[in-house]
Amino acid sequence: MRLLLVAYPGAGKGTQATKLATHYKIAHLSSGELLRTEVSRRTKIGSVAADYLRRGDLVPDELVFEMLSAPVLEAATNGGYVLDGFPRTLGQAEVAYSAAQEIKGVELQAVVYLRVGQKELLERLQTRANRQGRTDDDDITIAHRFNVFETQTEPLLNFYASRGILLDINGEQPVEDVFDDITRVVDDLHI
């Protein structure tokens, strides 16, 4: 099983990805978590990514591809994955799709879009900032991240819809109801 979660920051991608990975016994690959780990370890990728993350900008494609290539291939051969946070741009999606055509068993089978309104997103992000101390959850960075999503990530929705693999889920429900809706539609796909 190969899934991707797409949503605004704060919509619950990480929460749902963790639950889905456990439920389906597949790997959870979070580009944000992997990048934050690279930064904390002061790796080459982390050194470059740190400034992008601080500003709320997307990390350059080549770094993300370099960081995710091995984990995606490994997960695909071990039952599958749920991607959280990659691809985030149409360019990334097109390159990933093209690369997946060359390697059997890595192409996405379903893309889950968690639909959440901006008022709810702001409340969630402010709560998360207070609880977890995330530096990318301050008001200025949140506004910038929303703009980045609208301009760079939203075009993904049409790309995946045109391939017939986009699943639109109401993400404003309680966590368990969102999870139940996702698993119901994914199970109906018989993947």
Side-chain angles (χ1 to χ4, degrees), residues 1-34 58 64-65 68-121 123-125 128 145-146 148-150 152-191:
M1 178 174 291
R2 298 174 306 274
L3 306 173
L4 165 65
L5 294 181
V6 177
Y8 274 88
K13 290 184 303 294
T15 299
Q16 294 301 328
T18 299
K19 293 175 76 56
L20 290 165
T22 300
H23 180 78
Y24 291 115
K25 297 176 178 56
I26 57 177
H28 171 202
L29 302 175
S30 165
S31 61
E33 286 300 317
L34 291 170
L58 298 181
V64 179
F65 279 112
L68 278 174
S69 294
V72 166
L73 290 172
E74 181 181 342
T77 60
N78 291 313
Y81 57 79
V82 56
L83 281 172
D84 160 12
F86 179 84
R88 285 204 174 172
T89 68
L90 186 55
Q92 288 176 351
E94 290 169 342
V95 170
Y97 178 68
S98 177
Q101 301 305 297
E102 306 294 319
I103 305 167
K104 185 174 173 27
V106 297
E107 184 179 346
L108 288 171
Q109 296 171 299
V111 176
V112 176
Y113 172 56
L114 298 176
R115 189 176 14 86
V116 180
Q118 290 209 357
K119 182 178 182 223
E120 176 70 17
L121 291 168
E123 290 174 15
R124 291 180 184 186
L125 288 169
R128 182 171 81 181
R145 290 171 68 207
F146 282 3
V148 167
F149 183 88
E150 290 162 5
Q152 297 184 42
T153 305
E154 270 187 355
L156 288 177
L157 302 178
N158 288 333
F159 175 75
Y160 292 123
S162 71
R163 291 187 39 220
I165 62 171
L166 184 68
L167 309 171
D168 190 316
I169 302 292
N170 175 3
E172 289 201 23
Q173 308 172 84
V175 170
E176 285 305 319
D177 293 344
V178 173
F179 177 73
D180 289 344
D181 282 357
I182 295 170
T183 55
R184 184 172 33 260
V185 297
V186 167
D187 290 348
D188 286 347
L189 297 173
H190 304 288
I191 52 178

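Given the structure is predicted, the values throughout are model-derived calculations rather than measurements.
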- Does Glu172 use its side chain to pair, donor to acceptor, with the backbone of Gly117 at less than 3.5 Å? yes
Of all the heavy-atom pairs spanning [X] and [Y], show the shortest one and how long it is.
X: Ala17; Y: Leu5; value: N-CD1, 3.5 Å
X: Asn170; Y: Val178; value: O-CG2, 3.5 Å
X: Ser31; Y: Leu68; value: CB-CD1, 4.2 Å
X: Glu107; Y: Ala100; value: CA-CB, 3.7 Å
X: Ala21; Y: Val82; value: CB-CG1, 4.0 Å
X: Leu156; Y: Ala93; value: CD2-CB, 3.3 Å

Output the distance between atom [atom1] ([X]) and atom [atom2] ([Y]), rounded to the nearest 0.5 Å.
X: Leu73; Y: Ile103; atom1: CG; atom2: CD1; result: 5.0 Å
X: Ile191; Y: Gln109; atom1: CD1; atom2: CD; result: 4.5 Å
X: Phe179; Y: Leu20; atom1: CZ; atom2: CG; result: 5.5 Å
X: Ile169; Y: Arg184; atom1: CD1; atom2: CZ; result: 8.0 Å
X: His28; Y: Gln16; atom1: NE2; atom2: CD; result: 10.5 Å
X: His23; Y: Met1; atom1: NE2; atom2: CE; result: 7.5 Å

Given side chains that start at C-beta, do those of [X] and [Y] come closer than 4.5 Å, heavy atoms only?
X: Phe86; Y: Val72; value: no
X: Val111; Y: Phe159; value: no
X: Leu189; Y: Ile165; value: no
X: Leu4; Y: Pro87; value: yes
X: Leu3; Y: Ile182; value: no
X: Asp180; Y: Gln173; value: no

- Message: By the definition side-chain contact (heavy atoms from CB on, under 4.5 Å), identify the one residue from Leu114, Leu121, Thr153 that meets it with Tyr8.
- Response: Leu121
- Task: Name the orientation class of the two ring planes belonging to Tyr113 and Phe149 (parallel below 30°, tilted from 30 to 60°, perpendicular beyond 60°).
- Result: parallel
- With sequence neighbours left out, what residues match Glu154 under salt bridge (charged side-chain N to carboxylate O under 4.0 Å, His left out)? none
- Message: Strictly by salt bridge (Lys or Arg N to Asp or Glu O under 4.0 Å), give each pair with a member in residues 77-97 just once, sequence neighbours left out.
- Response: none
- Message: Taking CD in Glu123 as the centre, count heavy atoms belonging to other residues, nucleotides or ligands within less than 6.0 Å. Is the count above 12?
- Response: yes
